[in-house]
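Below: the structure, in structure tokens.
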Amino acid sequence: MKKQCKLILIGIILVLFIGWMVGSSSLITAIRNRGVEIVESGDPKPECGGFAFFEIGDVGETSEVKWLQVKDDIFDTVSGRGYFYCVSPEAVEETHVTLLFCSDRKTYEIASWTIEAPWVGNNYYINVDPTPQSYSMFEFLVSPLNFKKGDYEIYLKGTKEDGTVAAIVNTGYHLLRRAGKTEIVWNPSQEIERLTDYEGWADCGIESIRRDGNGDLLINGWGIFEGVNSDETSCILEIFDENGYVGTYTTLPRAITYICDYYESGLYYNCGFMAKIPQFSGTTLKMNIYVQQGDSVYACSYGFESDEDFSEVTSYERNELF
């Protein structure tokens with residue numbers, strides 16, 4: 001009898017343990033995400049559009065404060081903050097910011113909340129671009145333990161009070177959900193096949209180049225095909241070092257205004273781009289910039305070179321590419 005009781009007790013413990021293992025993620029997630037609005041769907045990855053300044057994560061930041069991180073806790077808590085300043089005729093404080101985590105199979109839309117951050121309005125964009133207001137800052141906190149395993153691109157979406165979407169931007173960040181691990185990586189560029197032909201010349205420029213602690217090359221610039229709305233174009237970088245061709249990489253768009261001011265046209269608000277060239281070990285950098293519109297490709301009529309520490313970038317007119 002005593003032996004049977006022990007077996008029954010062991011059986012109960014095993015059932016409880018298996019039940020805990022099966023349901024723990026759901027329980028933990030429910031506890032951590034209490035009060036956080038999450039909408040799950042099978043929607044495809046969204047099309048980016050609209051005109052919005054944004055920042056999330058710590059790309060380009062010298063502060064030790066992480067704007068986007070996975071906390072080392074039982075929840076795998078993903079916390080982040082940033083700003084999203086949507087330029088539209090409507091009052092910007094009426095734009096609600098949500099985050100979209102999009103894989104090839106699943107989309108999770110996460111609500112954020114607005115925070116006060118006077119430094120955005122006072123300092124950040126002085127002499128660069130129109131000044132976002134302090135109410136454009138947002139924060140979010142979520143446990144992704146219930147997310148299906150996969151690679152999730154992170155988007156920001158601004159929605160007006162009437163429910164219409166003001167802007168959607170791809171941040172370049174990815175949330176990677178693997179067995180027992182959650183990771184955040186910044187990867188705005190993909191390597192593609194080298195381009196073999198172009199139809200004409202485009203206008204382009206480089207704003208900044210720096211190599212980070214991992215040896216990755218971070219590049220900000222712009223590119224337009226004159227007379228074409230930059231919402232319809234994308235920029236591609238062809239990279240060379242002192243030994244020759246390195247690779248060809250896609251970029252992600254970002255909003256800037258000074259090119260519109262220079263050309264006196266509202267077509268080019270989204271002509272900026274950001275890129276990351278992984279593990280660039282060269283001491284000399286040369287690049288060609290292409291502007292793509294559908295199946296048509298235009299090349300930049302300038303060459304760009306940089307010195308060993310990328311503190312200076314030299315551009316000069318060229319009749320042919322590198």
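Quick caveat: nothing in here was measured; it's all calculated off a predicted structure.
Tyr152 places a side-chain N or O within donor-acceptor distance of the main-chain N or O of Lys148, the cut-off being under 3.5 Å. Proximity of a side-chain donor or acceptor of Asp43 to a complementary backbone N or O of Thr107 within less than 3.5 Å is not detected. In this structure a side-chain-to-backbone donor-acceptor pair under 3.5 Å is present from Ser143 to Phe75. Looking at Ser265, its side chain never comes within 3.5 Å of a backbone N or O of Cys260 through a donor-acceptor pair. Between the Asp212 side chain and the Gly215 main chain, a donor and an acceptor come within less than 3.5 Å of each other. A distance-only check finds no donor-acceptor pair linking the side chain of Asn214 to the backbone of Asp216 [under 3.5 Å]. Between the side chain of Arg81 and the main chain of Leu68, no donor-acceptor pair closer than 3.5 Å is present.
Separating the CG atom in Leu156 from the CZ atom in Phe84 is a distance of 6.0 Å, to the nearest 0.5 Å. Asn270 CG to Ser234 OG: the interatomic distance, rounded to the nearest 0.5 Å, is 12.5 Å. Within the model, atoms CZ of Phe280 and CZ of Arg211 stand 6.5 Å from one another, a figure rounded to the nearest 0.5 Å.
Checked by atom type, the side-chain pair Glu305/Thr314 shows no donor-acceptor distance below 3.5 Å. Under the 3.5 Å distance criterion, with hydrogens and angles disregarded, a donor-acceptor pair is assigned to the side chains of Asp203 and Tyr263. Residues Thr98 and Glu109 have side chains that bring a donor and an acceptor to within less than 3.5 angstrom of each other. Side-chain polar atoms of Asn187 and His174 form no donor-acceptor pair below 3.5 angstrom. Side chains of Thr283 and Glu242: a donor on one and an acceptor on the other come within 3.5 Å.
Under the 4.5 Å side-chain heavy-atom criterion for grouping Ile, Leu, Val, Met, Phe, Trp and Tyr, Val165 is not connected to Val169 through any hydrophobic cluster.
Environment of CG in Asp72: sparse, with no more than 12 heavy atoms of neighbouring residues, nucleotides or ligands closer than 6.0 Å.
Ionic pairing of Arg254 and Glu207 is present here: one or more N-O contacts between side-chain nitrogen and carboxylate oxygen are shorter than 4.0 angstrom. The existence of a salt bridge linking Lys45 and Asp104 is confirmed by a sub-4.0 Å separation between a basic side-chain nitrogen and an acidic carboxylate oxygen.
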Go through the steps to decide whether Ile236 and Thr251 satisfy the test side chain to side chain contact (heavy atoms under 4.5 Å, CB included), and finish with yes or no. CA-CA 6 Å; Ile236 297 170; Thr251 69; over 6 Å; no
Going through the distances and angles, do Tyr249 and Gln190 end up as a side-chain hydrogen bond (donor to acceptor under 3.5 Å, both in side chains)? CA-CA 5 Å; Tyr249 299 87; Gln190 300 293 326; over 6 Å; no
Test side-chain hydrogen bond (donor to acceptor under 3.5 Å, both in side chains) on Thr248 and Tyr245; report intermediate values, then the result. CA-CA 9 Å; Thr248 303; Tyr245 175 72; 2.7 Å; yes
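The heavy-atom pair separating Ser230 from Cys271 by the smallest distance is OG-N, 3.5 Å.
Residues Thr159 and Lys157 meet the side-chain proximity criterion, which asks for heavy atoms closer than 4.5 Å.
Each of Trp201, Tyr298, Tyr198 was checked for a ring-ring contact (aromatic ring centres under 6.0 Å, His included) with Phe225, and the lone residue meeting it is Tyr298.
The aromatic ring centres of Phe147 and Tyr108 sit less than 6.0 Å apart.
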